[in-house]
Amino acid sequence: MQNRAFPIDRFAFPPLLKAASKASALSEGRMIHGLGVKLGYGSDPFVETALVGMYAACGLISEARFVFDKMSHRDVVTWNIMIDGYCQSRLFDNVLALLEEMKSSNTEPDQRIFTTILTACGRVGNLDIGKVVHGFISESNIVIDSHLHSALLNMYASSGDMDMAQSLYDKLEPKNVVASTAIISGYSKVGNVEAARLVFDEMVDKDLVCWSAMISGYSESDKPQEALKIFHEMQQYGIKPDQVTMLSVISACAHLGALDQAKKIHLFVDEIGFGKALPINNALIDMYAKCGSLEEAKEVFLRMRRKNVISWTSMISAFAIHGDVDNALKYFQKMKFEKNVGPNWITFVGVLYACSHAGLVEEGKKLFESMVNEYGITPRLEHYGCMVDLYGRANRIEDALKLVETMPMAPNVVIWGSFMAACRQHAEFELGEFAAKRLLELDPDHDGAHVFLSNIYAKEKRWENVGAVRQFMKNKGISKERGLSMIEMDNEIHEFLTADKRHKRMDEIYAKLEEVVEKLKKAGYDPNTNSVMVDLDEDEKREVILWHSEKLALCYGLIRKEKQSCIRIIKNLRICEDCHNFMKLASKVFDREIVVRDRTRFHHCKDGLCSCKDYW
DNA sequence: CTAGGGTTAG
């Protein structure tokens with residue numbers, strides 16, 4: 001229009017500014033602002049309203065307010081946009097102040113404004129402000145329509161107050177997809193995916209968003225098989241997934257850890273045309289890493305034309321869980337030279353984790369300091385968790401404890417759990433007892449802490465204490481989480497529990513186990529029952545250890561998988577010392593690559609050695 | 001200007 005010397009009227013400006021808002025294009029927005037003023041539209045209320053929106057969307061909230069304040073005519077839309085701006089900048093005190101100002105200037109706040117505010121509160125989990133706004137609504141004469149009702153419900157649901165959300169849902173008639181979806185994701189987020197499923201099954205009209213919410217619910221609740229099941233069911237109803245759906249599906253594959261399944265999903269996202277999307281590729285990096293293929297994760301990463309902080313963080317974390325500290329740190333350095341990509345707090349979790357799993361105490365300390373001093377990132381619980389882990393694993397128990405005692409926030413279950421694990425590993429039983437007790441104050445049902453206490457007491461022959469712990473566990477129905485290993489074969493997942501007898505080829509598997517033990521013994525295998533601290537006699541201990549789930553999975557792999565192919569095992573708990581040794585020897589004796597994913601990292605065993613260098 | 005699903009996280 002400008003090139004043709006075409007007269008531009010004021011009506012062109014609001015949509016232009018809206019485009020700038022959506023693209024967060026500040027310099028273009030300013031140019032349009034300048035042009036508008038030049039053409040004499042600077043005090044047109046519609047243009048001014050759009051300017052408020054543009055500056056707010058670009059994060060310049062005080063500039064938005066400046067335009068807002070000098071307006072001579074503000075309608076309800078102007079107020080709403082200004083309030084929305086404060087919501088996006090999370091300045092909720094300004095939101096409340098502006099609401100009051102609005103009332104005193106004779107503009108009544110309407111449902112839409114409240115919907116906007118409540119949605120923002122939900123997004124950031126600000127229950128306090130949400131409740132205040134709820135109070136305003138109840139006191140006023142505003143009619144609660146279905147949008148506002150859903151926004152209220154969603155605010156409570158996404159802040160974790162499911163009692164309130166459910167009671168609002170009960171009052172809502174008729175139900176609608178939006179409200180039901182909010183309830184589904186609310187229940188999923190508080191860990192009650194079963195309740196989410198009940199609501200889901202009740203729904204008559206299911207759309208893509210609610211299917212995605214259910215898939216994500218299962219994926220986030222560490223029920224990847226359920227997530228994949230419901231994803232296939234959705235497709236049978238003829239509903240086509242979009243990118244958001246696929247992100248949850250890919251994440252489910254990552255949780256599952258099954259590489260063949262993962263490759264199939266990768267092919268699928270390529271087929272439906274999402275193969276070049278940045279978030280999809282980020283998820284794929286993580287998926288391949290968690291399915292044990294660092295090579296394929298790297299391949300995805302290197303092929304990406306654009307990379308953001310999530311791409312780099314995923315790649316760094318990938319190296320970390322595979323024990324490749326050198327590359328984790330190298331990529332962290334490389335990242336510094338990328339334009340527009342700075343590390344965030346999750347990136348630091350990745351590099352600190354890498355240091356902790358490699359025993360690089362000094363390097364980790366330096367990184368932690370640079371995070372604060374160079375990058376201005378305030379350490380979170382997760383970072384302290386990494387640091388406690390870093391010291392603890394490296395047998396610097398005193399340093400670990402000092403950190404727990406001096407960190408600026410209260411230690412949570414994770415922190416005490418990490419410290420307790422360090423005490424167990426380094427036989428610091430007195431401090432271990434202390435840690436276990438702190439842990440139980442926060443989570444009285446923590447199975448690991450009870451088992452550890454019982455084992456400490458048994459070791460010190462304090463039989464009365466042992467009895468008390470066992471009785472407590474029995475009364476409350478707490479038991480040690482049972483070991484569970486998985487192996488993928490012909491597109492099927494085979495699961496084995498400790499001492500499992502359910503598999504249809506169990507006889508063969510146990511026979512194979514005996515054969516394997518014999519062969520390994522000739523190569524120097526000596527059962528190590530150190531990790532079994534319960535008061536069993538030595539023969540019983542050996543039996544317990546022999547039937548650990550990963551050994552059963554390994555034997556099944558040796559029976560079924562063709563010679564020299566890689567055997568991949570996924571385990572729910574951490575691998576014990578004996579199994580670790582078993583896997584290493586087996587990799588040599590049977591000339592196989594054996595990859596085990598335990599609760600926190602990968603072990604690549606080859607030629608009798610493990611990638612973790614026996615530090616895990 | 002108005003309601004629901006998303007990738008990285010011990």
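Letters A, B, ... are given to chains in the order of the sequence lines, protein chains preceding strands, and every chain is numbered from 1. Note that the structure is a prediction, hence the values are computed from the model and not measured.
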Checklist entry - Checking all strands, does A/Lys18 fall into the base, sugar-phosphate, or nothing category for heavy-atom contacts under 4.0 angstrom? => result sugar-phosphate

Next on the checklist: Without decimals, in angstroms, what is the distance between A/Trp345 CH2 and B/dG10 P?
Outcome noted: 8 Å

Item to check | Nearest-angstrom distance from the residue atom NE2 of A/His266 to P of B/dT7 | outcome: 18 Å

Checklist entry - Roughly, in whole Å, what's the span from CE in A/Met387 to P in B/dG10? => result 15 Å

Checklist entry - Considering only side-chain heavy atoms of A/Ser216, which listed nucleotide, B/dG6, B/dA9, B/dA3, is closest? => result B/dG6

Item to check | Electrostatic pair A/Arg65:A/Glu101 at N-O distance under 4.0 angstrom | outcome: yes

Next on the checklist: What contact category does A/Asp389 fall into here, base, sugar-phosphate, or nothing, at under 4.0 angstrom with non-hydrogen atoms?
Outcome noted: nothing

Checklist entry - Less than 3.5 Å between a donor and an acceptor, one on the side chain of A/Asn176 and one on the base of B/dG4, is that the case here? => result no

Next on the checklist: Quick check: any donor-acceptor pair below 3.5 Å linking the side-chain of A/Ser185 to the base of B/dG5?
Outcome noted: no

Checklist entry - How close or far is atom C1' of B/dC1 from atom CG of A/Asp145, stated in whole angstroms? => result 14 Å

Checklist entry - Considering only B/dG10, B/dT2, B/dT7, which nucleotide approaches the side chain of A/His147 most closely? => result B/dT2

Item to check | Any N/O donor-acceptor pair, A/Asp242 side-chain to B/dG6 base, under 3.5 Å | outcome: no

Checklist outcome for this item: Ranking B/dA3, B/dG10, B/dT8 by distance to the side chain of A/Ala151, first place goes to B/dA3

Item to check | Listed nucleotide nearest any side-chain atom of A/Ser251, set B/dT8, B/dA3, B/dA9 | outcome: B/dT8

Next on the checklist: Between A/Asp598 and A/Lys571, does any NZ, NE, NH1 or NH2 come within less than 4.0 Å of an OD or OE carboxylate oxygen?
Outcome noted: no

Checklist outcome for this item: Side-chain atoms of A/Val244 come closest, of B/dT7, B/dT2, B/dG5, to B/dG5

Checklist entry - In whole Å, what is the span from the CG atom of A/Leu247 to the P atom of B/dA9? => result 14 Å

Item to check | Which nucleotide in B/dA9, B/dC1, B/dA3 has an atom nearest any side-chain atom of A/Ser150 | outcome: B/dA3

Checklist entry - Is the distance from OP1 or OP2 of B/dT8 to the nearest side-chain N or O of A/Asn282 less than 4.0 Å? => result no

Checklist entry - For B/dA9, does either OP1 or OP2 sit under 4.0 Å from a side-chain N or O belonging to A/Lys290? => result yes

Checklist entry - What is the nucleic acid contact for A/Val349, judged by heavy atoms within less than 4.0 Å: base, sugar-phosphate only, or nothing? => result sugar-phosphate

Checklist entry - Hey, what's the ring geometry for A/Phe231 with A/Phe268, parallel, tilted or perpendicular (30° and 60° as the breaks)? => result perpendicular

Checklist entry - For the side chain of A/Pro279, counting heavy atoms from C-beta on, which of B/dG6, B/dT2, B/dG5 is nearest? => result B/dG6

Next on the checklist: So A/Leu208, base contact, sugar-phosphate only, or nothing? Heavy-atom distance under 4.0 Å.
Outcome noted: base

Checklist entry - What integer distance in Å separates A/Trp211:CH2 from B/dG6:P? => result 17 Å

Next on the checklist: Heavy atoms only, 4.0 Å cut-off, all strands: where does A/Asp286 land among base, sugar-phosphate and nothing?
Outcome noted: sugar-phosphate

Next on the checklist: To the nearest 0.5 Å, what is the distance between NZ on A/Lys290 and CG on A/Leu256?
Outcome noted: 12.5 Å

Item to check | Candidate nucleotides B/dG4, B/dG6, B/dG10, ranked by approach to the side chain of A/Val178 - the nearest | outcome: B/dG4

Checklist entry - Among all residues two or more places apart in sequence or in another chain, which pass the side chain to side chain donor-acceptor pair (under 3.5 Å) test with A/Asn126? => result none

Checklist entry - Base, sugar-phosphate, or nothing: which does A/Ser180 touch, judged by heavy atoms less than 4.0 Å apart? => result nothing

Next on the checklist: Which nucleotide wins on minimum distance to the side chain of A/Ile310, given the candidates B/dG6, B/dT7, B/dC1?
Outcome noted: B/dT7

Checklist entry - Expressed in angstrom and rounded to an integer, what is the separation of A/Ile377 atom CD1 from B/dA9 atom P? => result 16 Å

Next on the checklist: Counting the atoms with a prime plus P, OP1 and OP2 as sugar-phosphate, which does A/Asp207 contact under 4.0 Å by heavy atoms, base, sugar-phosphate, or nothing?
Outcome noted: base

Checklist entry - Once you round it to whole Å, what is the distance between C1' of B/dG6 and CD1 of A/Ile285? => result 16 Å

Next on the checklist: I'd like to know if A/Lys171 and A/Glu173 make a salt bridge, using a cut-off of under 4.0 Å between side-chain N and carboxylate O.
Outcome noted: no

Item to check | Ion pair check, A/Glu299 and A/Arg303, cut-off under 4.0 Å | outcome: yes

Next on the checklist: Of the options B/dG6, B/dG5, B/dG10, whose atoms approach the side-chain atoms of A/Thr181 most closely?
Outcome noted: B/dG5

